[in-house]
Amino acid sequence: MTRGGVFLIRGGRRLEGRIAPGGAKNAILPIMAASVLTDETVSIENVPRLLDVEVFSEIVRELGGKVVRENGRVTIQGGTLRETTVPFELAQKIRASVLLMGPILARFGRVEVPVPGGCDIGDRPIDQHLKAFESMGAKVERVHGQWVLSCRKLKGARVDFDVRTVTGTENVLMAAVLAEGTTVITNAAMEPEVVDLARCLKEMGAAIEGEGTPVITVEGVNSLKGVSHTVLPDRIEAATLLLAGVITGGSVFVEGVRPELMEAVLDKVDQAGAVVTVNDGGVGAAATGRLKSVNVSTSPFPGFPTDVQAQFMACMCIADSVSTIEENIFENRFRHVAELRRLGADITVSGRVAVVRGVERLQGAPVTATDLRASAGLVLAGLVAEGETEVREIVHLDRGYESLEEKLNALGAEIMRVEGEKIENPA
Ligand code: EPU
């Protein structure tokens, strides 16, 4: 499905209408990893076409598993899986490949995962994952650029995270379900995607309590069974679509998403002056004139998500005053700032704080996407910039959004994807 290419956005259209997000990428990836824990078939429903899902499927196939995609369903059979080494080339393409560490170790007593390099948004160490596996009895070695973990049988342990880590919590959860005895995870991540993974593991026969709170208790079981699991709607895609409406002075209702999972974002949208609607069917926001500048500070769930920081910053670029945006999760997640400036935004960055002085208008220009959420921020800015904005390296966007341009166009945007390089001066 590799699409990528360039978006040509004609700015100035007001977005209006109802739209539904796909399943949550950050729940799908750990659940795909969890499928390795059983010989039986795991079916995941509501899976959008995402590059990250494709790469993860490829990794599971390389390990010997069978992965089939049919419409919105991904079916995984881990029974034939024998290989314990996550292939280097594919692991380089997707950091979430580290999620296979826990399940492969739990099932085979051994796993080799390439040492992750830095990434577009920061260093992203995995020391907390390794420390936890060690406390569960695994031997952890670094051999020729790979983390090699081995154990006879994982043992339940107390895992006190120094840092609240989403994939770390998920990794330990997946290892603990087949470990001997009880594992207690403290300072656990409370993200809805962690809860969805726990829900899926429980459907597979795991004994887990406390998911969604900072303390999760897992009682190891001997084996897990197959399951058909429908993943929760993507709250980050939902927020992106909602903000696309808000930034264009429009009104968008996002169907199917659970409002209580989006409170921090909805609060800020409300403070920015948009009228927020919340009901059983989803969440909506309608702009009511120029946006007000509001301050945002990212933090783990239930705080304001780092994955919506770039999109919210795009909105603040045209707000009425000055806002500060503090990024507390990743140390290098402001790469969209330089690109937003090309569109006329007035932003200065000092350490983890960006000061955004709202301007009257943005102007279209060529910009380059640097990572998934930065791409989304640039697309939102392009929707409101005068004239044409060309967003390059859209391949980043395809990692986590299925055909975002089609969804935005359905709401009234004017975005064209030119696959491959943009053709200069087409005849
Ligand atoms: N950290 C450590 N040591 C560790 C693990 C994490 O120091 O062993 C630090 C990280 O460097 C970071 C903080 O802890 O500063 C939080 O990182 P976390 O581990 O929670 O992030 P992650 O699990 O690698 C997931 C999502 C990200 C999302 C973050 C934060 C997946 C596959 N990825 O990453 O999603 O931004 O949680 O919510 O679930 C995205 O979708 O665009 C994306 C980057």
Side-chain angles (χ1 to χ4, degrees), residues 21-34 48 50-53 55-56 59 91 93-102 113 115-135 140 147 159-174 185 187-197 214 231-232 234-240 261 264-265 298-311 326-333 335-336 352 369-377 396-402 404:
K25 166 181 84 80
N26 289 345
I28 294 165
L29 300 177
I31 291 171
M32 288 182 80
L50 306 175
L51 212 50
D52 273 6
V53 171
V55 177
F56 210 91
I59 296 180
K93 290 191 182 169
I94 180 169
R95 279 193 76 80
S97 52
V98 75
L99 283 166
L100 286 160
M101 212 176 231
V113 178
V115 173
C119 108
D120 294 324
I121 57 176
D123 241 1
R124 303 182 77 179
I126 58 161
D127 57 299
Q128 298 296 310
H129 305 227
L130 298 173
K131 200 178 89 170
F133 292 135
E134 236 167 8
S135 66
V140 177
W147 286 117
V159 173
D160 299 315
F161 281 124
D162 306 319
V163 180
R164 198 167 272 192
T165 159
V166 174
T167 47
T169 303
E170 292 165 346
N171 233 339
V172 173
L173 204 52
M174 291 188 282
I185 310 173
N187 200 19
M190 301 192 285
E191 267 65 8
E193 294 75 20
V194 177
V195 176
D196 205 38
L197 168 67
V231 285
L232 84 167
D234 196 317
R235 65 193 169 100
I236 307 299
E237 184 188 4
T240 306
L261 305 186
V265 172
T298 65
S299 59
F301 188 82
F304 192 96
T306 172
D307 292 344
V308 184
Q309 181 254 105
Q311 301 89 312
E326 194 176 328
E327 172 56 52
N328 296 307
I329 307 294
F330 294 112
E331 66 275 16
N332 191 22
R333 213 175 199 184
R335 291 179 67 196
H336 42 283
R352 55 176 67 239
T370 51
D371 66 76
L372 168 56
R373 307 304 172 187
S375 320
H396 291 290
L397 195 80
D398 294 331
R399 294 186 59 174
Y401 294 91
E402 178 179 24
L404 184 64

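In each ligand, atom 1 is the first atom listed, and ligand 1 is the first ligand listed.
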_Distance under 4.0 Å to a non-hydrogen atom of Arg124: what atoms of ligand 1 satisfy this?_
11 (O), 22 (P), 24 (O), 34 (O)
*Should you measure from each heavy atom of Gln128, which atoms of ligand 1 turn up under 4.0 Å away?*
3 (N), 4 (C), 8 (O)
*May I ask which of Asn26, Val163, Asp371 has a heavy atom nearer to atom 35 (O) of ligand 1 than the others do?*
Asn26
*Run the contact test for Arg333 against ligand 1 with a 4.0 Å cut-off on heavy atoms, strictly below, and give the result.*
yes
*Under a 4.0 Å heavy-atom limit, does Leu372 contact ligand 1 with its side chain, its backbone, both, or neither?*
side chain
*What is the closest protein heavy atom to atom 41 (O) of ligand 1, and at what distance does it sit?*
Arg373 NH2, 2.8 Å
_Electrostatic pair Glu193-Arg235, nearest N-O below 4.0 angstrom_ = yes
*To which protein heavy atom is atom 19 (O) of ligand 1 closest, and what is the distance rounded to 0.1 Å?*
Thr165 OG1, 2.7 Å
*asked:* Evaluate Leu29 for polar contact with ligand 1, using N/O atom pairs at a separation under 3.5 Å.
replied: no
_Proximity to ligand 1 by part of Thr167, non-hydrogen separation under 4.0 Å_ = both
*asked:* Between Ile126 and Trp147, is the side chain to side chain contact (heavy atoms under 4.5 Å, CB included) condition met? List the steps.
replied: CA-CA 10 Å; Ile126 58 161; Trp147 286 117; 3.8 Å; yes
*Might you point out which heavy atoms bring Ala96 and Leu29 nearest each other, and give the distance in Å?*
CB-CD1, 3.8 Å
_His129: numbered ligand 1 atoms lying under 4.0 Å from its heavy atoms_ = 8 (O)
_As an exercise, state the distance from CD1 of Ile31 to CG of Asp196, rounded to the nearest 0.5 Å._
4.5 Å
_When you compare ligand 1 with Glu170, is there at least one nitrogen or oxygen pair between them that comes in under 3.5 angstrom?_
no
*List the closest protein heavy-atom neighbour of atom 20 (O) of ligand 1: residue, atom name, distance to the nearest 0.1 Å.*
Val166 N, 2.8 Å
*Closest heavy-atom pair and its distance - Leu99, Met174*: O-CE, 3.4 Å
_Exactly one of Thr306, Val163, Val166 should register a side-chain contact (heavy atoms from CB on, under 4.5 Å) with Ile329. Which one does?_
Thr306
*Ligand-side contact atoms (ligand 1) for residue partner Ile126, heavy atom cut-off under 4.0 Å*: 4 (C), 8 (O)
*Does the N or O separation between Ile329 and ligand 1 drop below 3.5 Å for any pair?*
yes
*State the atoms of ligand 1, each with its element, that fall below the 4.0 Å cut-off from a heavy-atom position in Lys25.*
40 (C), 41 (O)
*Between Glu331 and ligand 1, is there a nitrogen or oxygen pair with a distance under 3.5 Å?*
no
*So how far is it from Tyr401 OH to Asp52 CG, rounded to the nearest 0.5 Å?*
12.0 Å
*Pro125 heavy atom under 4.0 Å from ligand 1*: yes
